[in-house]
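These figures come from a predicted structure and were not determined experimentally.
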Amino acid sequence: MAPGNVRNNAQSPASATILNGKIAVLFDCDGVLVDSEPISLATLVDVLDHFGAPLGQSEVARRFTGRSSAAPIEHIHTETGRDITDEFKPFFYERLFARYDFELRKTPEIETVLKALKDRNIAFCISSSSSMQRLDRTMAVTGLGHWFGDQIYSADFVANGKPAPDLFLYAAKKMDVRPEQAVVIEDSVAGVKAAVAAGMTCIGYVGGGHYEKDRDDARTRLYDAGADIVFDNMRDIADLIRSADAGEG
């Protein structure tokens with residue numbers, strides 16, 4: 001949907017057909033499958049401060065939500081002149097994973113969505129800006145890994161992360177589906193832009209904890225980035241899946 005068009009909602013006629021003919025769903029992970037962004041953003045604030053390139057949490061969220069680690073690494077280099085490429089992930093992950101073990105939770109009702117897809121024989125995968133190391137830890141902590149098996153694709157696999165379309169196109173190729181047959185579920189502006197650039201239908205999700213204080217603004221930002229429809233509850237997405245006519249697009 002182009003920016004400025006009438007917004008769809010869960011009750012609109014357009015929303016009822018948005019998944020018709022789709023045969024694959026590509027999930028972002030952080031902020032979609034798991035409610036990890038508040039943990040990640042708070043940790044990143046501390047890490048940027050440690051490396052001498054401090055930003056407030058709202059600015060960190062605006063700049064880096066949905067982006068790979070290359071984005072904060074570049075910010076640190078710009079601000080300090082230091083290349084901390086080799087240092088960043090170990091330092092960040094040590095602190096992040098310590099919090100994951102106690103704080104990370106899967107998104108409420110996400111397994112209802114996954115079951116609805118499985119019941120409809122609609123294929124699905126993860127297509128995330130996170131590294132495989134972080135995705136492996138996320139799957140282990142939340143117990144979601146059995147749903148996806150080896151259908152987990154990371155920014156590690158492509159040259160250009162979101163908002164470039166590379167990761168979604170890579171995942172679609174691996175799943176043997178055409179872009180127009182795929183739906184992306186994303187929570188970030190960068191991810192929505194990547195889905196649009198890949199030629200895929202995009203469902204925005206703003207139910208994560210990082211949007212608790214500005215859900216309406218987040219909804220607007222995702223629509224303006226090109227999302228076809230935006231939800232704040234996974235139950236609504238599950239209902240949408242159950243009502244869709246799956247098949248060749």
Side-chain angles (χ1 to χ4, degrees), residues 19 22-44 65-69 89-90 92-157 161-162 167-168 170-172 174-175 177 182-188 191 195 203-212 231-242 244 246:
L19 293 182
K22 306 302 182 183
I23 63 173
V25 174
L26 283 57
F27 286 92
D28 180 43
C29 184
D30 296 294
V32 174
L33 295 174
V34 296
D35 195 15
S36 58
E37 289 293 4
I39 305 170
S40 178
L41 293 171
T43 304
L44 186 53
T65 299
R67 306 287 299 276
S68 73
S69 60
K89 280 187 181 179
F92 178 53
Y93 284 173
E94 180 182 3
R95 286 148 184 79
L96 182 69
F97 293 165
R99 295 187 62 173
Y100 269 15
D101 289 341
F102 296 97
E103 299 177 42
L104 185 62
R105 301 290 184 271
K106 56 193 170 189
T107 296
E109 302 291 343
I110 188 60
E111 291 187 286
T112 303
V113 174
L114 298 173
K115 184 178 186 303
L117 290 170
K118 189 172 182 179
D119 290 345
R120 297 300 306 273
N121 293 314
I122 299 174
F124 53 89
C125 74
I126 295 174
S127 301
S128 170
S129 292
S130 290
S131 67
M132 284 304 303
Q133 181 184 0
R134 182 170 169 180
L135 289 170
D136 287 345
R137 186 61 165 261
T138 297
M139 295 297 103
V141 170
T142 61
L144 288 173
H146 71 96
W147 287 101
F148 296 95
D150 62 357
Q151 298 294 301
I152 300 177
Y153 306 109
S154 159
D156 292 348
F157 299 169
K162 303 170 188 177
L167 179 56
F168 291 138
Y170 178 92
K174 287 290 186 180
M175 299 180 77
V177 299
V183 176
V184 171
I185 302 182
E186 263 287 355
D187 72 307
S188 72
I203 295 174
Y205 177 69
V206 295
H210 57 309
Y211 289 142
E212 184 176 2
F231 291 98
D232 60 16
N233 192 308
M234 284 293 173
R235 286 194 302 271
D236 293 330
I237 298 179
D239 289 343
L240 194 67
I241 292 163
R242 296 187 189 104

Step-by-step ring pair (Phe, Tyr, Trp, His ring centres under 6.0 Å) determination, F124 to F148: CA-CA 7 Å; F124 53 89; F148 296 95; 5.5 Å; yes
Derivation of the side chain to side chain contact (heavy atoms under 4.5 Å, CB included) call for Y205 and D28: CA-CA 10 Å; Y205 177 69; D28 180 43; over 6 Å; no
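The CZ atom of R120 lies 9.0 Å from the CG atom of L19; values are rounded to the nearest 0.5 Å. Separating the CD1 atom in I241 from the NZ atom in K118 is a distance of 14.5 Å, to the nearest 0.5 Å. Once rounded to the nearest 0.5 Å, the distance linking CE of M139 with NZ of K106 reads 10.5 Å. Atom NE2 of H210 and atom CD of E212 lie 11.5 Å apart (nearest 0.5 Å). Rounded to the nearest 0.5 angstrom, L41 CG and T65 OG1 are separated by 4.5 Å. Taken to the nearest 0.5 Å, the CG atom of L26 stands 9.5 Å off from the CD atom of E186.
Considering all non-hydrogen atoms of both residues, S127 and K162 come closest at O-NZ, 3.0 Å. Taking both residues in full, the closest heavy atoms of F27 and L33 are given as CD2-CD2, 3.7 Å, listed atom of the first, atom of the second, then distance. The two atoms that bring I237 and I203 nearest to each other are CD1-CG2, 4.1 Å, heavy atoms only. Pairing each heavy atom of L167 with each of S129, the nearest pair is CD2-N, 4.2 Å. Closest approach of S130 and S154 over heavy atoms only: O-OG, 2.6 Å. Listed here is the closest heavy atom pair of M234 and V32: CE-O, 3.4 Å.
Salt bridge status for D239 with R235: absent, with no side-chain N to carboxylate O gap under 4.0 Å.
For the pair V113/E109, no side-chain contact is recorded, criterion being any heavy-atom separation below 4.5 Å from C-beta on. The shortest side-chain heavy-atom distance between F231 and L240 falls under the 4.5 Å cut-off. D101 places a side-chain heavy atom less than 4.5 Å from the side chain of V141. With contacts defined as side-chain heavy-atom distances shorter than 4.5 Å, the pair L96/I39 qualifies.
Ring geometry for Y100 versus F97: interplanar angle of 30 to 60°, hence tilted.
Side-chain N/O atoms of R134 and S36 include no donor and acceptor closer than 3.5 Å. Between the side chains of S40 and D30, no donor N or O sits under 3.5 Å from an acceptor N or O. For the residue pair S131 / Y93, a side-chain donor-acceptor distance below 3.5 Å is found, with atom types taken as modelled.
In this structure a side-chain-to-backbone donor-acceptor pair under 3.5 Å is missing from Y211 to D232.
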